[in-house]
2 protein chains.
Amino acid sequence: MATQVPVRAKGRPRSAVADSAIDTAALELFAEEGFQRFSVEAVAARAGVGRATIYRRFANREELLAHAMQQLDADVRVIPEPGDYWQILTKLLDDIRESSLDSLKSRIMIRVLSEGARYPQLRSMVVERVIRPRQARLRAVLVRGISQGQLRSDLDMEATIALLIGPMVWLKMLGLTPEAGAASTSSIVAALRTGLAPASHL
Amino acid sequence: MATQVPVRAKGRPRSAVADSAIDTAALELFAEEGFQRFSVEAVAARAGVGRATIYRRFANREELLAHAMQQLDADVRVIPEPGDYWQILTKLLDDIRESSLDSLKSRIMIRVLSEGARYPQLRSMVVERVIRPRQARLRAVLVRGISQGQLRSDLDMEATIALLIGPMVWLKMLGLTPEAGAASTSSIVAALRTGLAPASHL
DNA sequence: GTAATTCGATACGTGAATGTATCGTAATTA
DNA sequence: TAATTACGATACATTCACGTATCGAATTAC
C-alpha cells in the first residue's frame with residue numbers, strides 16, 4: 001500500500017460548499033422533475049453555481065446524476081423497541097413508508113424503477129442504497145418471526161416481502177394517502193396476519 | 001337531433017392507415033422510451049409518416065400522446081369459468097398480470113403513474129382505461145366472495161385490492177419475473193387466503 | 001377537367017441544452 | 001510576490017426538437 005497522502009494541490013481548492021450544493025440540487029431536481037427536465041443548466045441554477053463548476057467535476061449529466069445518487073444515505077434505523085411481534089412489524093413498515101416512500105427518496109426510487117432497464121447503473125444504485133438495506137432489515141424480522149413461531153415456517157421470503165411492501169407502493173403510485181384510511185400499515189399487517197378468509201373457512 | 005350526415009369533405013381524405021400508424025408508433029415509442037425521447041419527430045419517423053401529417057392532426061405532442069392513449073383498449077375479458085372461488089381469484093390475477101402488467105400497457109401505466117401529478121390528463125386516462133375497469137372486475141369478485149362467505153365480511157375493498165395488485169406491481173418494478181417462482185399469483189392468493197400466521201396462533 | 005385537400009418531404013426560424021473556452025476575481029501554495 | 005487552480009459568468013458553436021410553411025404528387029367531390 002502506497003502512502004497515498006492526499007497531496008494538497010497547488011491552486012485554489014475546490015469548494016466543498018459547491019460540492020454539496022450540486023449534489024443536493026441534483027437530487028431535488030431529479031426527484032421533482034424527473035429525467036426530462038434534469039439538465040446541467042437547471043442543476044447549476046438551482047445550486048447557485050456556474051455551469052463550468054459542474055463540468056469541472058463531471059463530464060456529462062449522467063455522471064452528475066450518478067454521483068448525486070451515491071449521496072443517497074443508505075442509513076437504516078435500528079429495529080424498533082421490543083413488544084408484540086405484529087406491532088414491531090407494523091412499526092417497521094411505518095418506518096419504511098416514512099424513510100423511503102415519502103418525499104425525496106420515494107420519488108427518486110419510483111422514477112428510476114419505472115424506467116426499467118434503461119439506466120442499469122442508476123437502477124442498481126437505488127436498489128443497493130435504498131431498497132436492499134430496508135429489505136434486509138425486514139427479512140431479519142421475518143426470519144425472527146419464523147423462528148419464534150409467529151410466522152408460518154414455509155413462507156417464501158421474497159414473496160412475503162412483496163406482500164408487505166407492494167400494497168404500500170401501489171397505493172402510493174395511485175396517489176392515495178391512506179394515513180387515516182383502511183390501507184394503513186396496521187390494516188395491511190392485520191389482513192396479512194389472519195388472511196382474507198373467515199376463520200370458519202380454515 | 002340534426003341529421004348529422006357525415007358530410008364527405010371535398011379533397012383527398014385523411015389516410016386511415018396513417019391514423020393508426022401514428023397511434024401505434026406513439027404508444028410503442030412512449031412505452032419503450034418514456035417521456036424523454038417521445039418527440040413528434042420520432043413518432044413520425046417510426047410511423048413512416050411526414051411530420052406535417054401529424055401536425056395536421058394534433059397541435060402538439062401532448063395532444064398526440066393523449067390521443068394515442070385513448071386508443072388503449074379498455075377491453076376487459078369476461079370473468080373466467082366457475083369453479084373453486086380461490087381458483088377464480090387466481091385466474092383473475094393472472095389475467096390482470098397478462099393484460100395490464102405485461103408489455104406495452106404495463107410500461108405505459110407505470111411510466112405515467114410514476115410521474116405523479118405532473119400529467120393529470122394522461123394520468124386520469126390511464127386510470128380510467130386500464131386500472132379502473134380491471135379493479136371493478138376484481139371488486140365484483142371480491143363482493144361475491146363476501147356474500148358467498150369465502151371472504152371475511154369486514155374487508156375494506158380498496159385495501160384488499162391493494163393487497164392483491166400491489167405485490168405483482170412491486171415485483172414487476174423490481175424486474176423479477178416470478179412466473180415459476182414463489183411469488184406467482186397462486187402463491188399470493190394462497191398467502192392472503194390463510195394469512196402469514198400459523199393456524200395455531202389464530 | 002377543376003378545385004380542394006392530404007400525402008411525404010423538406011426548408012425555415014426559434015428556443016433550449018449541450019460541452020468547450022475565456023473572462024476577471026478569489027483562494028491557496030511555494 | 002508569483003504561480004496555480006477554482007470560482008461565477010458568459011460567449012460560442014453544435015445539436016435537437018419545436019411548430020409553421022411550402023413543395024409536387026396523389027386523391028377525392030363537383
Side-chain angles (χ1 to χ4, degrees), chain A residues 3-30 32-68 111 118-119 122, chain B residues 3-30 32-68 111 115 118-119 121-122:
Chain A
T3 42
Q4 279 290 16
V5 177
V7 183
R8 175 61 155 271
K10 225 181 197 180
R12 175 175 176 174
R14 290 197 178 164
S15 164
V17 174
D19 282 340
S20 62
I22 291 171
D23 284 337
T24 303
L27 287 180
E28 289 179 357
L29 187 69
F30 180 73
E32 293 172 13
E33 310 280 352
F35 283 96
Q36 296 160 271
R37 311 197 194 181
F38 182 83
S39 63
V40 175
E41 301 238 353
V43 172
R46 183 174 196 132
V49 147
R51 277 183 24 254
T53 303
I54 293 185
Y55 279 111
R56 205 171 288 115
R57 291 165 166 76
F58 310 104
N60 47 49
R61 75 173 197 179
E62 280 71 27
E63 284 192 14
L64 164 60
L65 183 55
H67 180 266
R111 278 188 207 283
R118 178 164 298 286
Y119 303 93
L122 298 181
Chain B
T3 43
Q4 279 290 14
V5 178
V7 181
R8 175 61 156 270
K10 221 180 203 182
R12 175 176 178 175
R14 291 199 177 164
S15 162
V17 174
D19 281 339
S20 62
I22 291 171
D23 284 337
T24 302
L27 287 180
E28 288 180 357
L29 187 69
F30 180 72
E32 293 173 13
E33 310 280 352
F35 283 98
Q36 296 160 271
R37 311 196 196 181
F38 182 83
S39 62
V40 175
E41 303 238 352
V43 173
R46 184 175 196 130
V49 147
R51 278 184 23 254
T53 304
I54 293 185
Y55 279 112
R56 206 172 285 117
R57 290 163 166 77
F58 310 103
N60 48 49
R61 74 174 197 179
E62 280 72 26
E63 284 192 15
L64 164 60
L65 183 55
H67 179 268
R111 277 189 209 283
E115 287 299 320
R118 180 166 297 284
Y119 303 92
Q121 194 181 358
L122 299 180

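Keep in mind it's a predicted model, so treat the numbers as computed, not measured. Every chain is numbered from 1 and lettered A, B, ... according to where its sequence line falls, protein lines coming before strand lines.
- With sequence neighbours left out, Phe35(B) forms a ring pair (Phe, Tyr, Trp, His ring centres under 6.0 Å) with Phe30(B), Tyr119(B).
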Strictly under 3.5 Å: I want the nitrogen or oxygen pairs between protein and nucleotides 27-30 of chain D, one per line.
{"from": "dT27(D)", "atom 1": "O2", "to": "Arg12(B)", "atom 2": "N", "distance (Å)": "3.4"}
{"from": "dT28(D)", "atom 1": "O2", "to": "Lys10(B)", "atom 2": "O", "distance (Å)": "3.2"}
{"from": "dA29(D)", "atom 1": "O4'", "to": "Lys10(B)", "atom 2": "O", "distance (Å)": "3.1"}

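- Taking Arg57(B) as the reference, Asp19(B) meet the salt bridge (Lys or Arg N to Asp or Glu O under 4.0 Å) condition, with sequence neighbours excluded.
- Atom-to-atom, CZ of Phe58(A) to P of dA6(D) comes out at 14 Å; the value is rounded to the nearest Å.
- For Ser15(B), the side chain to side chain contact (heavy atoms under 4.5 Å, CB included) partners at least two apart in sequence or on another chain are Val17(B), Ala18(B).
- Qualifying salt bridge (Lys or Arg N to Asp or Glu O under 4.0 Å) partners for Arg61(B), counting only residues two or more places apart in sequence or in other chains: none.
- Within a 6.0 Å radius of CD in Glu62(A), more than 12 heavy atoms belonging to other residues, nucleotides or ligands are found.
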In a table with atom names and distances, give each donor-acceptor pair under 3.5 Å that connects a side chain of residues 39-52 of chain A to protein atoms at least two apart or in another chain.
{"from": "Ser39(A)", "atom 1": "OG", "to": "Ala42(A)", "atom 2": "N", "distance (Å)": "3.1"}
{"from": "Arg46(A)", "atom 1": "NE", "to": "Glu28(A)", "atom 2": "OE1", "distance (Å)": "3.3"}
{"from": "Arg46(A)", "atom 1": "NH1", "to": "Glu32(A)", "atom 2": "OE1", "distance (Å)": "3.2"}
{"from": "Arg46(A)", "atom 1": "NH2", "to": "Glu28(A)", "atom 2": "OE1", "distance (Å)": "3.2"}
{"from": "Arg46(A)", "atom 1": "NH2", "to": "Glu32(A)", "atom 2": "OE1", "distance (Å)": "3.4"}
{"from": "Arg46(A)", "atom 1": "NH2", "to": "Glu32(A)", "atom 2": "OE2", "distance (Å)": "2.9"}

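- Taking atom CZ of residue Arg57(B) and atom P of nucleotide dG8(C), one finds them 8 Å apart after rounding to whole Å.
- Remark: Phe58(A) pairs with His67(A) by the ring pair (Phe, Tyr, Trp, His ring centres under 6.0 Å) rule, at least two apart or across chains.
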ask   = If the sugar-phosphate is the primed atoms plus P, OP1 and OP2 and the base is the rest, what is the B/S/- string for nucleotides 11-24 of chain C, using protein heavy atoms under 4.0 Å?
value = B-----SBBB----
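- Nucleotide dG8(C) holds its P atom 10 Å from the CG atom of Asp19(B), rounded to whole Å.
- Applying the salt bridge (Lys or Arg N to Asp or Glu O under 4.0 Å) rule to Glu33(B) yields the partners Arg118(A), Arg37(B); only residues at least two apart in sequence or on another chain are considered.
- Taking atom CG of residue Leu64(B) and atom C1' of nucleotide dG19(D), one finds them 13 Å apart after rounding to whole Å.
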